[in-house]
Amino acid sequence: MKKEDIKELLSKMTLEEKIGQLTQIRTSYYYNSNTSATGTASKLKITKDQKWMIGTVLGKLDAEMMSKIQKEYLSNNRFGIPLLFMQDIIHGFKTIFPIPLALSCSWDEELIEKTARVAAKEGSSSGYQVTFSPMVDVVRDPRWGRVIESFGEDTLLNSLFGAAMVRGYQNNDLKNPDTLISCVKHFAAYGAAEGGRDYNTVDISECRLRNEYFPPYYEAIKAGAKLIMSSFNVLNGIPATANTWLLRKILREEWKYEGVVISDWGGVKELIPHGTAENSIDAAKLSLKAGIDIEMATTAYFEALPKLCKDKNIEKLLDDAVERVLLLKNECGLFEDPYRGISSEKEKQTLLCGDFRKIAREASCKSMVLLKNSKVLPLSENKNIALIGPYANNPSILGPWSLDGDINDVITIEQGLRNKNINLQSVETTSFNEISREKVDEIIEKTQSADIIVLALGEEEEKSGEAGSVSNITLPPAQIKLLSYMKKLNKPIIVILINGRPLDLTNIIEEADAVLECWFPGTEGGNAIADILYGAYNPSGRLTMSFPRAVGQIPVYYNSLATGRPKELLKIEKRYKSQYLDIPNEPLFPFGYGLGYSQFKYDNFKISKNELSRKEKISCSIDVTNNGKYTGIETVQLYMRDKVADISRPVKQLIKYKQIIINPSETKTVEFTVNEKDLRYWNGENQYKSDEGLFEFTIGKDSSDGISFEVRLVS
Ligand code: BGC
């Protein structure tokens, strides 16, 4: 449809029909061809007629259902405006990839884009046009269960990987039916909930928002995301859903965003318990004025807008919002083909097809992070293995937000290991939180003949994800106890961790000989774990979120601001500096950290010059040598510190990185260039600028390591 045709269509629509386009309800309301809204729909008070005016739906679908629903809908909608189907397709659709936090540990943009491409092919074949992904909320609190959905604590990585996902979903060609429209979320700073408690208050200064939290949303939009979701939290006291500064000033005026804004689930009516709206009328007015186009899961717009639109200004806002929704439908070709070419046969051929499992296996391998290895890994095939623990043969390793994934498609750890044809004795302990003395005796008995113990431990899926906040981030005591019982057997112990957040691993690390963080690894998890344990894949994952030593350190992240009393600079002074008296300031495992089976040596650092003018660039390089026996991927990281700025700046900030594959005994030179643009930041006066003066750069393997050098920016 042409833009003019959309305008014309809009001019013919009644007020009620327009409000329908701005209201999103569950797909399940359309499962029955019964024309009245049943079940929970009746609670929403959607009338029989309004059901055929609703613009978008979210929830479970398959190709057959979609065709049926769309057909019935079109025959009832006065203008034949198609329904738009949305779903949370977060880390794969049928082929489930590792959780996003895990994917980010691959530091592999191309791979992340590929996973989104697969998800788009699968999801679109089942009838969806929109996915509520990526989530690019910067996260620094592992108590918050939704860290599983994020790309971690760093702004640059969230920006790069969020944009990669948008590209993967949309493929720059939304008219092509194998794409999905990407909805970036949750705007803004949802990840900074106080105390890590979901939906809780966020209070961040504007310059911190601009420097650290905003860029990933901006980059996702620049990559073409056509939809953005507002967050549940307040910013500056005002819920994002009603935050005009956020949704109009920043998003539309500054960033020139032209796409659609959708509230989060129930966000419009939640303005009432937030204490910023008295009733639904108020809530609808505040939301529409602030810039919410689509109200998800509640019906304040239906209740309030017929009255409110007597005001011409409000009617204009409504018309603009409806036009944007119609344009979105047009963007993905729905007016030309409301079914986007779907069929059950095509769906069957697409789901879990071809090389999708292969990509999932690669993604799982690259996401896992080897935290410790006292020369036990990789294993040789002739050793007898005892596999023990709640995840030994447990298929629930897809992770939260794998709504359409099927545990029957999962390769468990035991299956993965058996695929390697090894000698394996497996003892599953079904409970995560309890282990009886009898069970321990049984395990000990069965472990007698084993050379090596593999303990598959972790958190249950429900412990993370939305509303999955916890105050304690250690493994359940029963699992820690299991490890100490096993320790008494004097055999090497490898701990495999399946979980969704950085954990406090202080107890585990000391006792285990090797620890592999596998996160929730998805459909091919078991095969990937076996690949790593047996050296078919040399682990290359690097943490994108710090692992604290204790919950009391939270938030602990590498890019914190400088303080006036830095611990390391005040060596003689014992007290009166920024520190904990009982534990170190540093996390147990820092951002960027991860081991492999090769040892990489960095040397021969070179820099073109130490002065940088605004028009030039400088380059620096380092030689990386693989001193191990395995070919491996090394992630060379470049950090920066602005030593004197208008505001206090992070003690380190990742500005670039490169991944290289190096063969044994091979040396590769890695070069970075830096120019003035790389040095810019937002100061307290909302100016995006750089300061003349000293900058410190560090090239290293992780955020705690490296070779540092200074560069002076001159005019
Ligand atoms: C979540 C969103 C999600 C939406 C729709 C909300 O509760 O916060 O991330 O996209 O539900 O399922």
Side-chain angles (χ1 to χ4, degrees), residues 22-29 40 44 54-61 84-93 99-101 116 119 123 126 128-139 144-151 158 162 165-166 169 180-193 196-202 216-217 220 225-235 239-241 243 259-271 273-274 287 292-299 328 399-405 461-462 464-469 500:
L22 304 187
T23 302
Q24 175 166 96
I25 60 174
R26 288 172 192 249
T27 316
S28 55
Y29 299 154
T40 33
L44 285 179
I54 293 290
T56 65
V57 286
L58 85 162
K60 268 238 185 247
L61 208 61
L84 188 69
F85 295 85
M86 307 196 185
Q87 174 70 317
D88 289 280
I89 300 169
I90 308 292
H91 49 110
F93 179 70
I99 52 170
L101 182 61
S126 284
Y128 299 105
Q129 294 90 46
V130 177
T131 174
F132 295 124
S133 168
M135 173 177 126
V136 294
D137 304 324
V138 168
V139 294
W144 194 51
R146 295 198 83 169
V147 302
I148 74 121
E149 274 176 83
S150 156
F151 299 123
N158 272 282
M165 278 211 149
V166 173
Y169 291 132
L180 288 173
I181 293 170
S182 167
C183 173
V184 58
K185 64 194 189 184
H186 305 84
F187 194 52
Y190 179 37
R197 211 177 71 221
D198 211 353
Y199 319 120
N200 202 14
T201 307
V202 170
Y217 307 105
K226 301 283 174 210
L227 200 65
I228 190 165
M229 188 187 293
S230 62
S231 54
F232 285 124
N233 54 280
V234 297
L235 266 186
T241 319
N243 201 313
V260 174
V261 180
I262 187 166
S263 80
D264 202 345
W265 182 281
V268 172
K269 284 209 178 175
E270 283 178 21
L271 296 181
H274 262 301
S287 305
I292 297 291
D293 298 327
I294 301 178
E295 175 185 8
M296 186 197 289
T298 50
T299 48
L328 187 71
W401 287 118
S402 45
L403 303 177
D404 296 86
E461 270 191 1
E462 309 81 71
S464 49
E466 185 171 354
S469 298

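For the single chain, residues carry numbers from 1 onward in sequence order. Start at 1 and go down the list; that is how both ligands and their atoms are numbered.
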Which atoms of ligand 1 sit under 4.0 Å from any heavy atom of [X]?
{"X": "K185", "value": "2 (C), 3 (C), 9 (O), 10 (O)"}
{"X": "W265", "value": "6 (C), 7 (O), 11 (O)"}
{"X": "F132", "value": "10 (O)"}
{"X": "L58", "value": "5 (C), 12 (O)"}

Would you please determine whether [X] falls within less than 4.0 Å of ligand 1 on a heavy-atom basis?
{"X": "M135", "result": "no"}
{"X": "M229", "result": "yes"}
{"X": "H186", "result": "yes"}

Handout entry: Flag for T131-Y169: side-chain donor and acceptor within less than 3.5 Å
Key =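 Side chains of Y169 and T131: no pair found under 3.5 Å.
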Handout entry: S464-E461 side chain donor-acceptor pair, cut-off 3.5 Å
Key = no
Problem - Region of M86 that comes within reach of ligand 1 [heavy atoms, distance under 4.0 Å] - result: neither
Handout entry: Nearest-contact summary for atom 12 (O) of ligand 1 - protein heavy atom, Å
Key =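 The answer is D88 OD2, 2.5 Å.
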Completion exercise
Looking only at protein heavy atoms, what sits closest to atom 2 (C) of ligand 1 is D264 OD1, 3.3 Å
Practice task
With sequence neighbours excluded, tell me which residues meet salt bridge (Lys or Arg N to Asp or Glu O under 4.0 Å) with D264.
Solution key: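 If we apply the salt bridge (Lys or Arg N to Asp or Glu O under 4.0 Å) test to D264, skipping adjacent residues, there are no hits.
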Practice task
I would like to know whether Y217 and D137 meet side chain to side chain donor-acceptor pair (under 3.5 Å); could you show each step before the answer?
Solution key: CA-CA 8 Å; Y217 307 105; D137 304 324; 2.5 Å; yes
Practice task
Please check if the side chain of H91 supplies one atom and the backbone of A116 the other of a donor-acceptor pair under 3.5 Å.
Solution key: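 Judged by distance alone, no pair lies under 3.5 Å.
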Handout entry: Over-ring placement of K185 relative to W401, 6.0 Å and 45° cut-offs
Key = yes
Problem - Full working for ring pair (Phe, Tyr, Trp, His ring centres under 6.0 Å) between Y190 and W144 - result: CA-CA 10 Å; Y190 179 37; W144 194 51; 4.8 Å; yes
